[in-house]
Amino acid sequence: MPRKSEYAKPTRSQKKKSDAKKSAAPSGKAEPSTVASSTRPWSNQEIAALLDRIGDILSILGENRFKIIAYQRAADVIEHSSRGVQDIWAGDPANLRAIDGVGEAIAEKLDELFRTGKMSYYEKIRAQVPEGLVELLAIPGVGPKTVAKFWKEFNITTLDELKHALEDPEKNLPGIGEKTIENLKQGIGTIGLHTTRVWLAVAFYFAQELMQELHQAAGASIQKISTGGSLRRMRPTIGDIDLLAVSNKPQTVIDAFVKLPQVREVLAKGDTKASIVAHNGMQADLRVLEPKNWGTALQYFTGSKEHNIRVRDIALKKGLSLSEWSYTRIKSGKEIFCETEEQVYAMLGMDWMPPELREASGEIEAALKHTLPKLIRFEDLKGDLQCHSKWSDGSATIREMAEGARARGLKYIAITDHSQGLGVARGLDPKRTREQWKEIDALNSAYDGAFRVLKSVEVEIHADGSLDLPDDLLAGYDIVLATTHSALNQSREKITARVLKAMHHPLVDIFGHPTGQLIGTREPSALDLEQVYRAAIETGTILEIDGTSERMDLTDVNARRAVELGCKLVIDSDAHNPDGFDDLHWGIAMARRGWITKKDVLNTLEWDELRKRLKRNL
DNA sequence: GCCGTTTTCGGCCCGACTGTTTTCAGTCG
Ligand SMILES: Nc1nc2c(ncn2[C@H]2C[C@H](O)[C@@H](COP(=O)(O)OP(=O)(O)OP(=O)(O)O)O2)c(=O)[nH]1
Ligand SMILES: [Mg+2]
Ligand SMILES: [Mg+2]
Ligand SMILES: [Zn+2]
């Protein structure tokens, strides 16, 4: 019988900062096991962690690097797939080949895993490498070659053994240089101090702070500055802050950067780039270049990595080598500089792609065919259909919320204070609800058409699928949002049946924050989203993108899948105070990352139009 | 291990920074 910890969820290695989750189970300790007595559901997250782990083990074993990359790529694609890989499989390994990066070998291995709960290949290679070695890869600056050296030359197989050896390096680690020893000690000391991934909003505001600070310190030497990386692509979670600047005095800017008051540790510092770790644990990378390099550099630093690799591969086939510095004609060696990203893509016959699309998920093909979508923008939103007031757990009056929304260009909001049964958040009973309606009526009269407050509610869907409020009350609202907060750990069958029952209710207009995820805290529920999408289309229920930074629910790939199947969405802030409406920007980011255009988002309509689209009014 | 309007075999993106390997390997972005 394997130890209990071996059944813990596999987690992807800390150093790679996969956006698996912010506060994942402690890395290294929970070595995934595929030896199960029976079959069970496997989440994409777990499958990705397993493939990643295989990649780690193979790298320590010194396997062919392209084989390792193949496992890592498959892991990446699976982690960000909108559909459950086990669902795609459906009992036939051939179905798995449709997944990018999954070929015959990985398909067969996953087939065995799903059928038997065991993957012999993983068990085999796992037995060849001491268990504690993989976690050594999490030490900054330590990669597979170094780990293999510890193991083969010094018989070190765990972090504790390495720490012990470092107490007397001359004796225990002969041939390792002095600086390397220092870096190892330092690196081990910072394990756990560096953040893994943070919410988009957290990274966004910290990046603003760093850029302002850098501007104060060296503004005269900076001609241009921009974010790059996952932050510019607006991913829901961010591994580090990537900054890019143009300067005629690069060294001045780099020097100023590593001396910013936010800096705790300098990881690297050279002529064109520097990496630091801030006191808050976030890493920040800065690259500094000349104006003539801006286009290629911004394209490079924005990524994603996989997007870059594919773009560079296409360039190669046209006889061009692309780097952050320039294109180079391979035959003549002639350099071609691009000052804008448009030029970089135009060289290859591609339209410019919004950064949000650059995830190697079809955007390159669309750019070549000139069929990129016209993505929704913040300015397209006319209203917000989820926000809270003092009547329940919000901190502002309805009027203050309305003014906050109006200041941001919106024309209507739905006040969705919680229903009572939740027992939390001072939910409204029918009596208080009718009092609230009077206040809303008065406010709307005062606005006299200039703004509209809608009577709404965030009604809890009970564990059995019934709603927390009686139908006669639900009928009195302008629009009703139904959500789940309790019993989110129900089985897939139970929670799906529960949600579908609510979606079939004629007075449920929107199903909000569908998976219930709280990034870094709570995993998405086991809800079968494919069934939810079908039910949404069948019943005319609208699905929500909740833009609160810890929710992002539906998230990018799920929203994309929903709309591809024909669902209609709304993008809401879930604001609890007037500034909370700014979270609509994160919701818009998810929609844009989901390739979504204005026509599929119903709160881009005026209320009079939107009202006609609600199933209660059909 | 994956993949294919130049290939079912032979490629697989490209460069910065670090340390000590005096000409480059390892790690990272
Ligand atoms: N061509 C190429 N570009 C890369 C590679 N690795 C990273 N980049 C580019 C694209 C990335 O978006 C950018 C910043 O790298 P990061 O490691 O910070 O990744 P990114 O910001 O995309 O995700 P993150 O949230 O930080 O994990 O650098 C690579 O191996 N090749
Ligand atoms: Mg980054
Ligand atoms: Mg980075
Ligand atoms: Zn809620």
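The chains referred to below are lettered A, B, ... by the order of the sequence lines, with proteins before strands, and numbering in each begins at 1. Not measured: the values here are computed from a predicted model.
Aromatic ring centres of A:W89 and A:F114 lie closer together than 6.0 Å.
Under the Watson-Crick or G-U wobble criterion, with both distances below 3.5 Å, B:dC2 is paired with B:dG11.
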Protein and nucleotides 15-17 of chain B: nitrogen or oxygen contacts under 3.5 angstrom:
unit_1	atom_1	unit_2	atom_2	d
B:dG15	O3'	A:W325	NE1	3.4
B:dA16	OP1	A:W325	NE1	2.9
B:dA16	O3'	A:T272	OG1	3.2
B:dC17	OP1	A:D271	N	2.8
B:dC17	OP1	A:T272	N	2.8
B:dC17	OP1	A:K273	N	3.0

Distances under 3.5 Å between protein N/O atoms and the N/O atoms of nucleotides 4-6 of chain B, please, pair by pair.
none

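Proximity of A:Q283 to the phosphate of B:dG29: a side-chain N or O atom is located under 4.0 Å from OP1 or OP2.
Residue contacts shown for A:S275 are absent, as no nucleic acid heavy atom lies under 4.0 Å away. Within the nucleic acid shown, A:K109 comes within 4.0 Å of sugar-phosphate atoms alone, with no base atom in reach, counting heavy atoms only.
Among residues two or more places apart in sequence or in another chain, the side chain to side chain donor-acceptor pair (under 3.5 Å) test is passed with A:N293 by none. Taking the salt bridge (Lys or Arg N to Asp or Glu O under 4.0 Å) definition, one finds that A:K317 meets it with A:D313, sequence neighbours left out. With sequence neighbours left out, A:W586 forms a ring pair (Phe, Tyr, Trp, His ring centres under 6.0 Å) with A:F204. For A:D255, the side chain to side chain donor-acceptor pair (under 3.5 Å) test picks out A:K269, with sequence neighbours left out.
Judged by the 6.0 Å and 45° rule, A:R40 forms a cation-pi pair with A:W42.
Atoms CD1 (A:I69) and C1' (B:dG1) sit 11 Å apart, rounded to a whole Å.
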